[in-house]
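Below: one structure, written as structure tokens.
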Amino acid sequence: GAMNALVRVSAVLTNAPFILNLDCDHYINNSKAFREAMCFMMDPTLGKKVCYVQFPQRFDGIDQHDRYANNNTVFFDINLKGLDGIQGPVYVGTGCVFRRQALYGYDPNKKEKASSKACNCCPTWCCRGRKKSKKSKSKPKSDKKRRSKKNDSNVPILEDIEEGIEGFDSERTSLMSQKNFEKKFGQSPVFVASTLLENGGVPQNASPASLLKEAIHVISCGYEDKTEWGKEVGWIYGSVTEDILTGFKMHVRGWRSIYCMPGRPAFKGSAPINLTDRLHQVLRWALGSIEILLSRHCPIWYGYGGGLKWLERFAYVNTIVYPLTSLPLVAYCSLPAVCLLTGKFIIPTISSFNSLWFIALFMSIAATGILEMRWSGVGIDEWWRNEQFWVIGGVSSHLFALFQGLLKVLAGIDTSFTVTSKSTDDEEFGELYAFKWTTLLIPPTTLIVINMVGVVAGVSDAINNGYQSWGPLFGKLFFAIWVIMHLYPFLKGLMGRQNRTPTIVIVWSILLASIFSLIWIRIDPFLPKQDGPNLEDCGLDCE
């Protein structure tokens, strides 16, 4: 809402054709980035179809090892870079230069599609407006009256501004009546007239006092009522991740975006280096994706027949369905411990044919990761940090976001929105070691405990049963240790600066360990299996 208000105010006062969007915690690090963005926007062949130029996010104040993958280099240096070859990257909410006309809901091919997008009706004849030539010839006397009225009120009306503007699309205005303009943009003749100026600028006959009065009017609380602001115009409402929705609507209309990665980072900002704050940030992103998934703007069923390419649609589907992977991810992280506690193995023996499929799949995933790193220049350490936090966020923030989103959309139970804390301590990286308890820490803590208990139980069982038990044990230990390695940054976050686990985590660990110990005793893995007859039932006294 605040961004839409700023768009209207800037249109009334200056009406620049391009808009820079930055978060409040970001600053300009490379002044030449604007020139690079303008090179794309003002390109004589493809520039008219570019809705925005997105820059990667870069951050200050992150610890050397980037424990919680705040840099997110896999997303910014691999995923968005790959989307640039299709229809352009998704809008990530900051570090972006917009074309103002794209924010107004116009199509890139105005002359061809203006008639179909003038209103929400299908026939082209229903939105016929008054032609400018007839209006100028038939009402010379009324023009004088309107001019005198304009001088009295100092607020030019729509017809006066239209006649004083040179270079706007006459076909667009002829197809949209004044009521349609007001329904779409609101009841401000000055702002409506500014939307017709593709190259920006304000009318020369408007006084500063009248523009200031109109600027106050367009930011009033009820201005957006019964208009298309937040629905088809400006930043789209309906999700806490309004950036995904806004970029998606532009791509559906046929616009394309550009990903610009200058050698010197264009903009820099701060990131939450604390574990709890980082999990809450990921929770907010995942909750927004679930809201879009369950809305009418879901890329699975919205926007067919427009200008969205199929591969770009798949990319948007991937940005909203990823919280659903938390369910199988929790199961996969739990199965190694279950195998160690029950003595059963989920993977078939290496001699069976099914194992070849597993090995082929594992090798193909590894080869894909290697090719992506070689192509993008992302290091193995950055890739591994991203994999670790993907598991941490998947079993905590994504899982909670899935249930919160279902409660919000289906039951109407809204969850409180908290702005991510990005303040740092006086001491360098002091916030990194701060511990803040939240329920998001419960699922990863549980998985760490049960896998550790499973490792102890499996090794104890192998020692008790002899040499032949060690062979099957290695496969089970591999998966359990693999899960613990992915959750290791989370475990370090729980330990804090003094490598001491907080009391509440110790209580949780003891409770969970006791529960799984009772289950383990109930299974009785150490007792030998008796295949012979039950001596108590046979009635014989062997003594």
Side-chain angles (χ1 to χ4, degrees), residues 1-12 19-24 51-52 54 90-96 98-107 117 119-120 180-188 191-192 195 217-253 255 257 281 283-303 306 308 316-317 319-321 323 401 404-420:
M3 293 298 298
N4 287 336
L6 289 174
V7 168
R8 295 192 295 270
V9 170
S10 62
V12 172
I19 300 174
L20 172 63
N21 168 224
L22 288 178
D23 277 349
C24 59
C51 55
Y52 60 83
Q54 179 66 61
V90 299
Y91 168 45
V92 298
T94 183
C96 188
F98 279 98
R99 183 182 298 275
R100 186 182 289 270
Q101 293 291 309
L103 287 171
Y104 291 157
Y106 291 131
D107 296 337
K117 294 296 182 180
C119 65
N120 294 326
N180 289 328
F181 271 115
E182 292 179 351
K183 182 179 179 181
K184 184 173 184 178
F185 297 113
Q187 296 183 357
S188 172
F191 174 75
V192 170
T195 63
H217 169 60
V218 297
I219 62 173
S220 58
C221 296
Y223 182 83
E224 295 185 359
D225 296 343
K226 298 180 180 180
T227 66
E228 295 186 5
W229 283 99
K231 302 174 184 177
E232 299 293 335
V233 181
W235 273 261
I236 308 302
Y237 305 149
S239 173
V240 294
T241 54
E242 73 288 340
D243 46 0
I244 298 294
L245 270 180
T246 303
F248 174 64
K249 296 279 283 189
M250 292 181 182
H251 283 134
V252 167
R253 297 188 186 101
W255 293 95
S257 55
Q281 183 187 52
L283 171 65
R284 178 167 56 87
W285 293 343
L287 180 59
S289 296
I290 293 297
E291 291 173 345
I292 298 175
L293 177 63
L294 301 178
S295 70
R296 72 181 188 92
H297 290 117
C298 178
I300 299 177
W301 52 71
Y302 182 84
L308 187 65
Y316 273 107
V317 170
T319 60
I320 65 166
V321 301
Q404 288 184 10
L406 292 175
L407 289 175
K408 182 177 181 180
V409 176
L410 301 180
I413 302 176
D414 198 0
T415 55
S416 59
F417 169 74
T418 56
V419 179
T420 305

So which atom in [X] and which in [Y] form the shortest heavy-atom distance, rounded to 0.1 Å?
X: A286; Y: P323; result: O-CG, 3.7 Å
X: D23; Y: T94; result: N-OG1, 2.9 Å
X: Y316; Y: I244; result: CE2-O, 3.9 Å
X: G234; Y: T246; result: O-CG2, 4.0 Å
X: H297; Y: I236; result: CE1-CG2, 4.4 Å
X: R253; Y: E232; result: NH2-O, 2.6 Å

Would you say the side-chain atoms of [X] pair up with the backbone N or O of [Y], donor to acceptor, closer than 3.5 Å?
X: Q101; Y: T195; value: yes
X: Y52; Y: Y91; value: yes
X: E224; Y: V218; value: no
X: N21; Y: C96; value: no
X: H217; Y: Q187; value: yes

Could you grab the distance from atom [atom1] of [X] to atom [atom2] of [Y], nearest 0.5 Å is fine?
X: L287; Y: I292; atom1: CG; atom2: CD1; answer: 10.0 Å
X: E182; Y: K226; atom1: CD; atom2: NZ; answer: 13.0 Å
X: T227; Y: K183; atom1: OG1; atom2: NZ; answer: 10.5 Å
X: S239; Y: L294; atom1: OG; atom2: CG; answer: 10.5 Å
X: L103; Y: N4; atom1: CG; atom2: CG; answer: 8.0 Å
X: Q54; Y: D243; atom1: CD; atom2: CG; answer: 9.0 Å

- Validate the cation-pi geometry between R99 and W255: distance from NZ or CZ to the six-membered ring centre under 6.0 Å, angle to the ring axis within 45°.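 Cation-pi check for R99 and W255: fails.
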
- Item | Whether F191 and W229 hold their rings parallel, tilted or perpendicular, with breakpoints at 30° and 60° |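 Aromatic pair F191/W229 classed tilted.
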
- How are the rings of F248 and Y302 set to each other: parallel, tilted or perpendicular (split at 30° and 60°)? tilted

- Item | Under-4.0 Å salt bridge between K408 and E291 |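 Salt bridge present between K408 and E291.
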
- Item | Polar contact flag, side-chain donor to acceptor under 3.5 angstrom, S10-R100 |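 There is such a pair between these side chains.
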
- Item | The single option from L245, T241, L293 passing side chain to side chain contact (heavy atoms under 4.5 Å, CB included) against I320 | L293

